[in-house]
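Here's the structure we're looking at; comments come further down.
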Amino acid sequence: MIKITLKDGVVREYENGVSVLEIAKSLGAGLYKAACLAEVNGEKCDLRTVLNEDSSVSILTFDDEDGKRAFNHTCSHVLAQAVKRLFPEVKLAIGPSVDGGFYYDFDSEVAFTPEILVKIEGEMKKIVKENLFLEKVELEPEEAISLMEEKGETYKVELIKEHADKGEKISFYRQGEFFELCAGPHIPDTSRLKAFKLTSCTGAYWRGDSKNKMLQRIYGTAFTKASDLEAHLLQLEEAKKRDHNKLGRELEIFTTVDYIGQGLPILLPKGTHIVQTLQRFVEDEEKKRGWLRTKTPLMAKSDLYKISGHWDHYQDGMFVLGDEEKDDEVFALRPMTCPFQYQAYLNRARSYRDLPMRLGETSTLFRNEASGEMHGLIRVRQFTISEGHLMCTPEQLADEFRNCLELTTFILKTLGLYEDVSYRFSQWDPDDKDKYIGTAEQWAEAQGVMKKILDDLNVNYKIGIGEAAFYGPKLDIQIKNVHGKEDTLITIQIDQMLAEKFGMEYVDKDGTKKNPYIIHRTSIGCYERTLALLIEKYAGAFPVWLAPEKVRITPIADRHHDAAYEIKNALMQAGIDDVSVDTRSEKLGYKLREAQLEKVPYVLVIGDKEAEEKTVSVRKRSMGDQGSMAISDFIELIKNDIETKVIW
RNA sequence: GCUGCUAUGGCGCAGUCGGUAGCGCGCAUCCUUGGUAAGGAUGAGGUCACCGGUUCAAAUCCGGUUAGCAGCUCCA
């Protein structure tokens with residue numbers, strides 16, 4: 001007999017050689033049915049694992065993150081098995097679980113159309129019914145390679161060869177006739193896969209490298225119950241309704257025109273209004289915090305970019321005007337502000353007394369993104385960023401960095417996005433010589449300085465190797481869109497290299513010349529992308545201070561029009577613009593419905609009673625009828641909303 | 001850039017087997033003058049994204065281009 005310590009601390013005795021699955025069964029039919037995975041002495045393993053000594057065991061179900069992953073991963077094996085049954089010539093690549101489901105990459109001559117996906121799903125259901133057991137098998141590397149070569153699975157051979165010299169056995173999982181290279185762990189049998197759906201098929205490069213062949217990736221998701229699957233699919237549908245790319249067009253925030261080009265959105269009056277409001281807010285806030293402003297050219301001769309290194313390291317991403325072979329002067333639209341704003345610093349000799357020097361600019365940039373990269377307002381070719389460069393001494397660096405971070409925190413909190421972001425410490429990739437300038441020593445120093453600052457500030461970050469700018473490390477503030485895709489909203493960077501390249505110096509107290517540290521930073525990010533995230537955050541129902549139409553005055557009958565315009569004037573005189581009057585001869589309910597759908601924060605209903613008493617009947621978005629109040633009281637109410645930037 | 005899908009009035013969509021276009025919403029006008037999420041009638045609006053091909057005939061079939069979508073790659 002062996003002693004098994006369970007999750008709740010209870011110790012039970014079992015026969016030597018008992019499997020975890022049998023233990024689960026002994027604990028109850030419900031747990032047995034729900035079990036996905038086990039954790040034995042802290043190690044994740046299959047439920048079929050057999051125990052021969054005293055152990056601590058916890059049974060993981062779909063409710064545990066690891067259980068869910070194993071469940072989805074097993075479903076990806078079933079997918080691969082089904083594809084091999086229907087298309088034996090298809091070669092298998094890899095098939096992991098991911099957030100919200102799983103995928104499997106196939107090298108197939110046949111394109112997997114939606115109709116084919118349905119057929120594959122049907123075959124998967126058969127496999128589930130067959131209740132195939134998943135059994136782990138370990139082979140010697142040579143054996144594994146020859147087996148996979150025999151089956152023509154060239155991708156698997158490549159993977160095994162990489163593992164071969166580690167001196168470990170290669171693990172496989174068998175389910176029926178299907179034999180798959182896999183480290184596991186897996187759920188015990190296919191019959192537990194009660195509810196799954198193949199959601200899409202797209203292209204994906206083998207090993208994530210665009211030099212490699214593009215494979216076909218089938219995405220899917222799996223649940224223990226059909227109702228959970230349906231709820232999940234419904235949730236995805238709901239998320240799509242918040243998609244800024246759809247909602248932003250519906251709400252007339254922006255549009256695109258095919259003959260203007262990709263990544264060049266037109267901001268309509270409502271979108272422009274929001275951006276302008278954000279811009280004033282940011283510029284005022286920066287001014288309070290000691291930032292000066294510059295206005296620098298949108299383009300420059302190639303000479304400038306040759307000094308900065310962009311000509312060599314970033315030319316593909318720039319819009320170049322002219323041809324170096326033919327033209328005397330070649331220009332390029334600016335892809336960043338750095339070398340332009342540095343000229344303000346270089347305007348005269350600087351002393352340590354000039355530092356820190358904080359230069360902000362609302363800066364329009366142009367980047368020639370590859371054609372497939374553009375996405376609504378999130379990824380565009382022309383955008384405007386709250387740019388800034390800060391030149392300082394080494395002693396000032398940590399404080400100034402903290403101030404930059406505090407500014408972004410303040411802005412994110414004001415926008416209501418603070419809880420939605422995560423931090424990434426973006427470092428260089430020493431193996432990527434094409435992308436990065438500078439020496440290993442320079443990078444070690446810049447990253448070391450940044451690490452210390454971040455750790456001192458207790459920033460909870462993850463590290464991104466190869467995510468640094470070509471001239472220095474970054475703190476990237478990341479946010480996910482409605483589809484779960486992560487983008488950089490805000491970035492704060494430390495740069496030691498460009499100051500040297502541009503000959504930026506200051507005379508220190510001791511009379512020696514030194515290069516300043518430079519912080520590149522944005523405070524709200526680029527306005528287009530931030531706007532996109534705000535549309536998704538609020539599903540178009542913006543806080544009052546940002547709302548492009550704050551008040552809609554709705555007279556009930558024609559005879560109330562004069563009273564309505566009087567109220568509009570009163571609001572305008574109180575400094576509240578963005579007020580409209582809906583004089584259409586529609587019923588009140590009809591007008592209210594439209595105002596609600598357009599997410600106008602306040603609707604003022606004006607009828608006989610209000611016209612008589614000089615009051616307004618206030619309807620608040622999503623809170624309905626608030627009753628009547630004096631016009632002056634309403635002005636106070638909405639002014640407070642605007643000034644405090646309250647979110648409701 | 002790559003893989004796949006898509007493109008029909010302002011928006012959302014229908015259009016079968018090729019025979020020169022329909023619906024709903026919106027818009028305009030008129031009637032209605034109403035009290036917190038859709039009152040009624042009439043009307044206007046489309047060279048079916050663009051270029052080319054096949055055909056007696058193309059929204060429909062074929063090729064290309066442009067743009068949009070999902071994903072990959074990329075993202076200073």
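Numbers restart at 1 for each chain; the letters A, B, ... are given by sequence-line order, proteins then strands.
Closest approach to the A:M214 side chain among B:A37, B:U33, B:C2 is made by B:C2 (side chain taken as heavy atoms from C-beta onward). In this structure, the nucleotide among B:G39, B:C75, B:U73 sitting nearest to the side chain of A:E369 is B:C75. Minimum atom distance to the side chain of A:T256 is reached by B:G68, of the listed B:G26, B:G68, B:C72. Side-chain atoms of A:H483 lie closest to B:A70 of the nucleotides B:A37, B:A70, B:G26. With B:C75, B:A70, B:A37 as the candidates, the nucleotide lying closest to the side chain of A:D243 is B:A70. Comparing B:U33, B:G1, B:A37 by their closest approach to the side chain of A:S371 singles out B:G1. The listed nucleotides are B:G39, B:G1, B:G26; the one nearest the side chain of A:E586 is B:G39. Closest contact between the side chain of A:D608 and the listed nucleotides B:G71, B:A37, B:G35 involves B:G35.
For the P atoms, the distance from B:A14 to B:G53 is 30 Å, rounded to whole Å. Straight-line distance between the P atoms of B:C74 and B:G18: roughly 45 Å, to the nearest whole Å. When the C1' atom is used for both B:C25 and B:C62, the distance is 36 Å, rounded to whole Å. Nucleotides B:A57 and B:C72 have their C1' atoms positioned 43 Å apart, rounded to a whole Å. Rounded to the nearest Å, the gap between the P atom of B:A21 and that of B:G26 is 26 Å. Atom name P, nucleotides B:C27 and B:A49: the rounded distance is 26 Å, in whole Å. Comparing the C1' positions of B:C23 and B:G46 gives an interatomic distance of 14 Å, to the nearest angstrom.
Contacts of A:W443 classified as ring-ring contact (aromatic ring centres under 6.0 Å, His included), with partners at least two apart in sequence or in another chain: A:W428, A:Y436.
Between the CD1 atom of A:I116 and the P atom of B:U3 there is a distance of 17 Å, rounded to whole Å. One can place OH of A:Y471 at 12 Å from C1' of B:C75, the figure rounded to the nearest angstrom. If you take CD1 of A:I94 and P of B:G71, they are 18 Å apart, rounded to a whole angstrom. What separates NZ of A:K211 from C1' of B:C2 is a distance of 14 Å, to the nearest Å. Following rounding to the nearest Å, A:R379 (CZ) and B:A70 (P) show an atom-to-atom distance of 14 Å. Between the CG atom of A:N212 and the C1' atom of B:C74 there is a distance of 15 Å, rounded to whole Å. Taking atom CD1 of residue A:I218 and atom C1' of nucleotide B:U3, one finds them 13 Å apart after rounding to whole Å. Nucleotide B:G68 holds its P atom 7 Å from the CE atom of A:M374, rounded to whole Å.
A donor-acceptor contact under 3.5 Å links the side chain of A:E610 to the base of B:G35. With hydrogens and angles left out, the side chain of A:T202 and the base of B:U3 share no donor-acceptor pair within 3.5 Å. You won't find any donor-acceptor pair under 3.5 Å spanning the side chain of A:Y590 and the base of B:G34, going by distance alone. At a cut-off of 3.5 angstrom, counting only N and O atoms as typed in the model, there is no donor on one side facing an acceptor on the other between the side-chain of A:R217 and the base of B:C72. Side-chain atoms of A:R367 and base atoms of B:C74 include no donor and acceptor less than 3.5 Å apart.
When all heavy atoms of A:T583 and A:K591 are compared, the pair lying nearest together is C-NZ, 4.2 Å. When all heavy atoms of A:E121 and A:L198 are compared, the closest pair comes out as OE2-N, 2.8 Å. Among all heavy-atom pairs drawn from A:E387 and A:Q341, the shortest one is CG-OE1, 4.3 Å.
Of the two residues near RNA chain B, A:C201 and A:A370, the one whose nearest nucleotide lies more 5' is A:A370.
Looking at A:R621, its side chain does come within 3.5 Å of a backbone N or O of A:K599 through a donor-acceptor pair.
In this structure B:C50 sits in a base pair with B:G64, meeting the Watson-Crick or G-U test at under 3.5 Å. When Watson-Crick and G-U wobble pairs are counted only if both distances are under 3.5 Å, B:G35 pairs with no nucleotide at all. Base pairing of B:C30: its partner is B:G40, meeting the Watson-Crick or G-U wobble criterion (both donor-acceptor distances under 3.5 Å).
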Output one line per pair: protein atom, nucleotide atom from nucleotides 61-66 of chain B, and distance, for all N/O pairs under 3.5 Å.
from	atom 1	to	atom 2	distance (Å)
B:U66	O2'	A:D258	O	3.4

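The closest side-chain donor-acceptor pair between A:T294 and A:E361 falls under 3.5 angstrom. Side-chain contact annotation: A:Q478 with A:T488, donor-acceptor N/O pair under 3.5 Å present.
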For A:S386 and A:W291, what are the C-alpha separation, side-chain angles and deciding distance, and is it a side-chain contact (heavy atoms from CB on, under 4.5 Å)?
-> CA-CA 12 Å; A:S386 57; A:W291 288 80; over 6 Å; no

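Note: A:K246 NZ to A:L251 CG = 10.0 Å, rounded to the nearest 0.5 Å.
A 4.5 Å side-chain heavy-atom check between A:Y517 and A:I494 finds at least one atom pair inside the cut-off.
Close to B:G34, at under 4.0 Å from its OP1 or OP2, lies no side-chain N or O of A:K591.
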